[in-house]
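Take a look at the structure below.
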Amino acid sequence: MAAEHGDFTRRWEPGPRLKGLWRGALDLVFPPQTLDGGPRPLAGGLSTTAWSRIHFLDGPVCDGCGAPFEYDLGARCPACLAKPRGFDRARAACLYDETSREPILKLKHADRTDLAPLMARWLSRAAWELIDDADAIAPVPLHRLRLLSRRYNQAAEIARALSRLTGTPYLPDALVRRRGTDSQAGKSGSGRRRNVAGAFEVPPSRRGRVAGLRILLVDDVLTTGATAEGCARALKAAGASAVDLAVVARVKQAAGLTI
């Protein structure tokens with residue numbers, strides 16, 4: 001009887017096909033608008049003008065940090081060669097600039113979680129090699145107090161959408177941020193590393209879920225890499241065989257851009 005009661009009270013959620021039908025019906029009633037105020041797109045997202053201004057990283061990049069190369073050097077950048085990072089490889093879909101900044105901040109601060117599937121599609125193209133090698137996808141976590149105030153974790157929204165798109169298992173709670181940290185904005189590289197030092201961990205009860213796996217860590221923006229490195233070290237300490245990183249955008253020059 002208890003099992004029947006549990007089945008009755010289980011929350012019902014529509015399947016992917018039904019969600020798609022609903023989304024299509026809504027698009028007919030409320031045609032999708034562009035994020036940048038340009039001409040109406042064929043589907044929700046950027047206008048063709050704004051799309052052409054986004055600097056997608058389609059060319060050769062450093063295998064270590066994902067920084068773009070002007071030519072295919074077949075190696076890692078001098079910074080990665082001089083000081084290997086906590087994560088193994090990184091890829092970014094685009095550069096973080098005035099054009100890509102708007103949709104990223106809308107997802108992060110303006111409740112535009114509907115943008116997560118769009119950014120997951122960007123990642124599926126830019127980080128396909130890392131996705132092919134990944135055993136599971138995990139997001140960079142927020143501290144519980146920040147999650148309470150923001151109501152959602154933008155990295156988790158992207159990671160969940162990427163998991164659904166690629167069929168790669170999703171580990172939403174593999175990592176936790178065990179202490180609150182100040183905002184990374186405006187801090188130097190060394191300041192960012194000090195700010196997140198020891199902030200991340202894999203709880204003992206979840207270490208068996210990451211041990212031996214190659215984890216794809218997902219975040220929205222890569223600046224100095226301090227946060228991603230802290231997460232990667234925590235995952236490896238829990239037994240992960242490798243940690244790669246996929247971000248929507250990476251900063252080329254941080255000056256003047258708020259994240």
Side-chain angles (χ1 to χ4, degrees), residues 54-97 100 104 119-141 155 158-159 161-163 165-171 174-175 184 188-190 192-193 196 200 202 210-254 257 259:
I54 291 185
H55 190 148
F56 287 103
L57 299 179
D58 296 324
V61 298
C62 169
D63 193 48
C65 66
F69 286 153
E70 189 171 348
Y71 305 103
D72 189 356
L73 302 179
R76 298 195 171 199
C77 69
C80 287
L81 291 174
K83 186 178 180 182
R85 307 218 176 216
F87 47 83
D88 294 272
R89 299 177 295 174
R91 294 292 184 275
C94 63
L95 286 182
Y96 187 78
D97 55 23
S100 63
I104 290 171
M119 295 178 186
R121 288 196 294 273
W122 292 1
L123 285 186
S124 70
R125 181 170 179 266
W128 65 270
E129 294 172 291
L130 310 190
I131 295 168
D132 279 353
D133 291 341
D135 297 309
I137 293 173
V140 169
I158 299 168
L162 185 63
S163 171
L165 181 64
T166 64
T168 308
Y170 177 48
L171 300 179
L175 275 168
Q184 294 281 63
S188 64
S190 59
R192 286 170 178 257
R193 286 189 290 273
V196 298
F200 304 99
V202 176
V210 304
L213 300 185
R214 186 170 199 121
I215 305 295
L216 180 64
L217 186 67
V218 171
D219 204 0
D220 53 353
V221 180
L222 174 67
T223 49
T224 63
T227 296
E229 290 194 62
C231 290
R233 290 192 178 98
L235 286 166
K236 289 181 178 181
S241 63
V243 179
D244 294 326
L245 173 68
V247 296
V248 177
R250 59 164 292 117
V251 171
K252 188 174 183 180
Q253 293 180 340
L257 290 176
I259 300 174

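Computed from a predicted structure; not experimentally measured. Start at 1 with the first residue, then count along the sequence.
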Could you check whether D63 pairs with R91 (Lys NZ or Arg NE/NH1/NH2 to Asp/Glu carboxylate O, under 4.0 Å)? yes
Between A92 and A126, the two heavy atoms sitting closest are O-CB, 3.7 Å
Distance-only, no hydrogens or angles: does the T168 side chain make a donor-acceptor pair with backbone N or O of A136 under 3.5 Å?
no
Closest heavy-atom pair, W122 versus A93, reported as atoms and distance to 0.1 Å, is CB-CB, 3.8 Å
To the nearest 0.5 Å, atom CG of L130 lies from atom OG of S124 at 12.0 Å
Nearest heavy-atom approach of A120 to I158 is CB-O, 3.9 Å
V243 backbone acceptor or donor facing D88 side chain under 3.5 Å: yes
*asked:* For the backbone of R89 and the side chain of D244, can you confirm whether one donor and one acceptor N or O come within less than 3.5 Å of each other?
replied: yes
Do any N or O atoms from the side chain of K236 and from the backbone of G86 form a donor-acceptor pair under 3.5 angstrom? yes
Closest non-hydrogen atoms of C65 and F87, given as atom of the first, atom of the second and distance, are CA-CE1, 4.4 Å
Of all heavy-atom pairs linking V202 and A234, the shortest is CG2-O, 3.8 Å
- Query: Any sub-3.5 Å donor-acceptor pair from S100's side-chain atoms to L95's backbone N or O?
  - Reply: yes
Problem - R125/D58 salt bridge by N-O under 4.0 Å criterion - result: yes
In this structure, CD1 of I104 is separated from CG of D97 (nearest 0.5 Å) by 8.5 Å
One should read off an interatomic distance between L235 CG and F200 CZ, to the nearest 0.5 angstrom, of 10.5 Å
| request: Just do the side-chain contact (heavy atoms from CB on, under 4.5 Å) check on L216 and L162 with the steps written out, would you? | output: CA-CA 11 Å; L216 180 64; L162 185 63; 4.2 Å; yes
Between R214 and S241 the two heavy atoms that sit nearest each other are N-OG, 3.5 Å
